[in-house]
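Notes to accompany the following structure.
Scope of the values below: all heavy atoms of this structure, side chains included, with no hydrogens, waters or symmetry mates. Computed from a predicted model, the values in this text were never measured in an experiment.
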Amino acid sequence: MAEPVHPAVGEAAEGTGLPSRLDDGEVMARLARIDEVLEKVETAPGPMAQAALDAIRALTEVYGEALARVMDHADPALGARLADDELLDHLLVLHDIHPEPPELRASRAVERLRPALQERGGDAELAGVEGPVARVRLRTPGCGSGCGSASAGFEEAVREAVLAAAPELTAVEAVPEPESAKAAFVPLDTVLRRPAQPQGAP
C-alpha cells in the first residue's frame, strides 16, 4: 500500500497561496521516519555515512541556535505559550533551552498523559520532585495504587513521558495515595449481617 503523499513543508497548500502546515499526526509520522532513516545511516559503513551524520548534527545545532534566539526575544508570556506547544516543548528540551524548571515540565507531561490513562480506568498525578526523582501517584483499574501488569504498563508510560519532558531527572517512582483518598473498605459480611435485636423485640 502506497504511503500518502503530503506537500513538502513550505510548499503552498492548494488554493490558499500559503505554506502548508503539518498536523500533529503528520509531525509524528515524520519523526518516526527520521528515526528510521537515522538508524539506517548510523549502521551504514563507509565515510559517506559519517559525513551524513556530521551534516545532520551541524544542521541540528544551527536550528537549535535559531530557536534559542527566538527565546531570547520572547517575553515570559510568549515563552510560556511556546513551551505549551507539544512540539516546541520537545525541541526546547532537546536543545537544552527550555525556560521552565523540570518540576513544571514533569507536571505538564503527567497532565498530558492523564486522558489516555483515564480512558483505561486509571489516573496519575505528580506528587512532587525530590532532587533528580519525580514521585507520581498512580492509580490503575481496581488496583488502588497499582498491581500486576496493568500497573507496570501505566508506570512505564508515565516514566517515559516524564523523563522525556525533563531529562535532568533520573527516575520516576510511584508513591501510594494518601489514606484519606482511598475508598473505605467495608467487608461484605458486615453489610449483610443483621444487627442483634434486643431481648423481647419482635
Under 3.5 Å donor-acceptor, His98 side chain and Glu100 backbone: yes
Whether over 12 other heavy atoms sit under 6.0 Å from Asp96 CG: no
Side chain to side chain donor-acceptor pair (under 3.5 Å) involving Glu39 - partner list, sequence neighbours excluded: none
Flag if over 12 foreign heavy atoms under 6.0 Å of CG, Asp24: no
Verify same cluster id: Leu163, Leu126 (apolar side-chain graph, 4.5 Å): yes
Connected via hydrophobic side-chain network under 4.5 Å: Leu169 and Leu138: yes
Minimum heavy-atom distance between Gly64 and Ile97, given as atom pair plus value: O-CD1, 4.1 Å
By side chain to side chain contact (heavy atoms under 4.5 Å, CB included) - contacts of Gln118 (at least two apart): Arg114, Asp123
Criterion salt bridge (charged side-chain N to carboxylate O under 4.0 Å, His left out) on Glu65 and Arg69, from CA distance to verdict: CA-CA 6 Å; Glu65 175 60 23; Arg69 294 186 185 191; 2.8 Å; yes
Atom of Met71, atom of Pro99 and distance for their closest heavy-atom approach: CE-CG, 3.8 Å
Gap between atom CG of Leu67 and atom CG of Leu91 - 0.5 Å precision: 6.5 Å
Leu59: hydrophobic cluster co-members (side-chain, 4.5 Å): Tyr63
Straight-line distance of Glu103 CD to Glu168 CD, nearest 0.5 Å: 9.0 Å
Residue pair Val93 / Ala164: nearest heavy atoms and the distance that separates them: CG1-O, 3.7 Å
Same cluster (ILVMFWY, side-chain, under 4.5 Å), Leu88 and Leu94: yes
Salt-bridge present (Arg159, Glu155; N to O < 4.0 Å): no
CG on Asp89 to CZ on Arg112, rounded to 0.5 Å: 4.5 Å
Hphob cluster co-occupancy, Val133 + Val136, side-chain heavy atoms under 4.5 angstrom: no
Stepwise salt bridge (charged side-chain N to carboxylate O under 4.0 Å, His left out) check, Asp75 with Arg81: CA-CA 10 Å; Asp75 60 28; Arg81 287 168 54 197; over 6 Å; no
Heavy-atom donor-acceptor pair, Arg135 side chain to Val172 backbone, under 3.5 Å: no
Any donor-acceptor pair under 3.5 Å from Glu160 side chain to Ala157 backbone: no
